[in-house]
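Beneath this line is the structure, given in C-alpha cells, with notes to follow.
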Amino acid sequence: IRGASSIAALTGAGISTESGIPDYRGPGGLWETRDLPTISDYLENIETRRSYWQRRLADYPGLAAREPNAGHRALMTLEERGILLAIITQNIDGLHQKAGNTPARVLELHGNVRELRCVDNGHIWTAEYVRDRLVAGEDDPRCEICGSILRTGTVLFGDPLPQQTLQAAVRVSQLCDVMLVVGSSLVVNPAARLPRIAREHGASLIVINRTPTPLDAEADVLIEGEAGPTLASIVTRLDAVRSEDQRL
C-alpha cells in the first residue's frame, strides 16, 4: 500500500457489520431470517409488494441511522491521500458515501437503499419521500409521473446487475496496482471474479476477512480479522512511515 498509486477496494458485508448491519450469510443474516423476493414475484404479486413495503417501513429508519465505522473512515483517508482509485462495494447501505468518499468513486454493484425507481421508465424517488407516502397509508405505491410499479433500488434475486456499474468495476480492476478486498466472502459472482482480473493485470491482492475465502491462496497478503481495526491500523502505520519519510 505504501508504494501504491491506485488502490481499488472491494468491500462486502463484513465492513458494515461493525456498524450494526447484519450480513447475508452469517448466523442471523438476512438469508436466514428473511424470505427475500425474486424480481418476477415482486412484479407479478401485489401481496409480495405489500409485504416488502411493510418490512421496509419498519426497517429503513434503523438502516438509515447507521454510521460509518473505522473501516469506512480508513478508506476515506486513502482517498484523501490520493491513492484510492475507487471502492467497488457489494453493500447497499451507503456508508462509504456517508464516511465522505466521493460518490462517483463508489461503485455499488447491488444498488442502494437510498433511492427507488419506477419499473417502466426508471423515474427516481428518494427513500424518504416514498417512506412519507407509506406512513400516510399507501401499501403499493406507484410512480407519480407515469403510474408504474415502484421498486427498490437494490438488486433482487433474478435481477441483472447494473451493467454500467459492473463495466466500471471491471475497468477499475484492470487499472489498479493493489486490490484490497475487505469483508467479502468472495463467493458471489461477478464480484468474486474482480480480484482475479486485478491479479491478471499485475495488481497485488490483499484480503482482509474474518473467515476464509476461495482466493486466500492467491492473496499476496492475507489478514484474518475485523475490517475496522485492521484498516485503521494500516492507516496509522502509513502515517508513521509518512512522518519518518518527511524527517528524512
Inter-residue atom distance Glu226.CD - Ile15.CD1, 0.5 Å rounding: 11.5 Å
Using only heavy-atom distances, determine whether the side chains of Tyr129 and Glu115 contain a donor-acceptor pair under 3.5 Å. no
Look at the side chain of Asp159 and the backbone N and O of Leu156, then say whether any donor-acceptor pair between them is shorter than 3.5 Å. yes
Can Glu67 and Lys98 be counted as an ion pair, charged N to O under 4.0 angstrom? yes
Side chain proximity check, Pro61 to Arg131, heavy atoms < 4.5 angstrom: yes
Distance-only side-chain donor-acceptor flag, Arg73 / Thr77, under 3.5 Å: no
Mark yes or no: Arg55 above the aromatic ring of Tyr52, with NZ or CZ under 6.0 Å from the six-membered ring centre and no more than 45 degrees from the axis. no
Under 4.5 Å between any side-chain heavy atoms of Leu150 and Val130, yes or no? yes
Going hydrophobic residue to hydrophobic residue with side-chain gaps under 4.5 angstrom, can you get from Met76 over to Ile21? no
Looking at Ala70, is its backbone amide N or carbonyl O close enough to the side chain of Glu18 to form a donor-acceptor pair, meaning the two atoms are under 3.5 Å apart? no
Please round to the nearest 0.5 Å and tell me the distance separating atom CD1 of Ile1 and atom CD1 of Ile83. 7.0 Å
Determine the minimum heavy-atom distance between Asp220 and Ala203, stating which atoms define it. OD2-O, 4.4 Å
Under the criterion side chain to side chain contact (heavy atoms under 4.5 Å, CB included), I'd like the reasoning laid out for Ile149 against Arg49: C-alpha separation, chi angles, the key distance, then a yes or no. CA-CA 9 Å; Ile149 293 171; Arg49 295 198 297 275; 3.6 Å; yes
Kindly give the heavy-atom pair with the smallest separation between His110 and Ile92, and that separation in Å. O-CG2, 3.5 Å
Residues, nucleotides or ligands: over 12 heavy atoms within 6.0 Å of Gln164 CD: no
Stepwise, does the side chain to side chain contact (heavy atoms under 4.5 Å, CB included) test hold for Arg105 with Ile87? CA-CA 6 Å; Arg105 290 185 183 269; Ile87 296 172; over 6 Å; no
Interatomic distance, Ile39 atom CD1 to Arg151 atom CZ [nearest 0.5 angstrom]: 4.0 Å
Do Val207 and Val178 share a hydrophobic cluster, counting only Ile, Leu, Val, Met, Phe, Trp and Tyr and linking them when any side-chain heavy atoms are less than 4.5 Å apart? no
Same apolar cluster (I L V M F W Y, side chains within < 4.5 Å links), Val106/Val182: no
Under the side chain to side chain contact (heavy atoms under 4.5 Å, CB included) criterion, do Gln167 and Leu107 qualify, and how do the steps go? CA-CA 10 Å; Gln167 290 169 8; Leu107 305 177; over 6 Å; no
Using a strict 4.0 Å threshold on nitrogen-to-oxygen distance, state whether Glu218 and Arg199 make a salt bridge. no
Are a donor atom and an acceptor atom from the side chains of Ser5 and Asp177 found within less than 3.5 Å of each other? yes
Carboxylate-amine/guanidinium proximity below 4.0 Å for Arg50 and Asp139: yes
Of all the heavy-atom pairs spanning Pro37 and Thr48, show the shortest one and how long it is. CB-CG2, 3.8 Å
Is a donor from one side chain sitting under 3.5 angstrom from an acceptor on the other, for Asn101 and Gln97? no
Just checking, any donor-acceptor pair under 3.5 angstrom between side chains of Gln90 and Thr11? no
Euclidean distance, Leu95 CG relative to Leu75 CG, rounded to 0.5 Å: 11.5 Å
Do you see a donor-acceptor pair shorter than 3.5 Å between the side chains of Thr213 and Asp216? yes
Pairwise distance CG(Asp132) to OG1(Thr126) - rounded to 0.5 angstrom: 8.0 Å
Should Trp125 and Glu144 count as side-chain neighbours, where that means a heavy-atom distance under 4.5 Å? yes
Intermediate values then yes/no, side chain to side chain contact (heavy atoms under 4.5 Å, CB included), Arg133 and Val135: CA-CA 5 Å; Arg133 292 172 59 185; Val135 170; over 6 Å; no
Within-4.5 Å side-chain heavy-atom neighbours: Ser173 and His201: no
Would you call Arg142-Asp120 a salt bridge at under 4.0 Å N-O? no
Looking only at heavy atoms, the pair that brings Val119 and Ser148 closest together is N-OG, 3.5 Å
Should Ile206 and Leu84 be counted in the same cluster of Ile, Leu, Val, Met, Phe, Trp and Tyr side chains packed under 4.5 Å apart? yes
Treating Ile, Leu, Val, Met, Phe, Trp and Tyr as nodes and any side-chain heavy-atom pair under 4.5 angstrom as an edge, say whether Tyr42 and Tyr60 lie in one connected cluster. no
Verdict with supporting geometry, Arg114 and Glu108, salt bridge (Lys or Arg N to Asp or Glu O under 4.0 Å): CA-CA 12 Å; Arg114 304 180 306 279; Glu108 297 172 309; 3.1 Å; yes
So, do Pro141 and Leu134 sit near enough that their side-chain heavy atoms are less than 4.5 Å apart? yes
If we ignore hydrogens and angles and just use 3.5 Å, is the side chain of Ser51 paired with the main-chain N or O of Glu47 as donor and acceptor? no
Verify, without hydrogens or angle tests, whether Thr17 (side chain) and Gly14 (backbone) share a donor-acceptor contact under 3.5 angstrom. yes
Just how far is it from atom CZ of Arg117 to atom CG of Asn121, taken to the nearest 0.5 Å? 12.0 Å
How about Pro162 and Leu109: do any of their side-chain heavy atoms sit closer than 4.5 Å? no
Close side-chain approach of Leu180 and Ile208, heavy atoms under 4.5 Å: yes
Testing the basics here: between Ser19 and His72, what is the closest heavy-atom pair and its distance to 0.1 Å? OG-CE1, 3.9 Å
Keeping Asn209 on the side-chain end and Thr211 on the backbone end, is there a donor-acceptor pair under 3.5 Å? yes
Side chains of Pro195 and Leu186: does their closest heavy-atom pair fall under 4.5 Å? yes
Nearest heavy-atom approach of Leu116 to Ala127 is CD1-CA, 3.5 Å
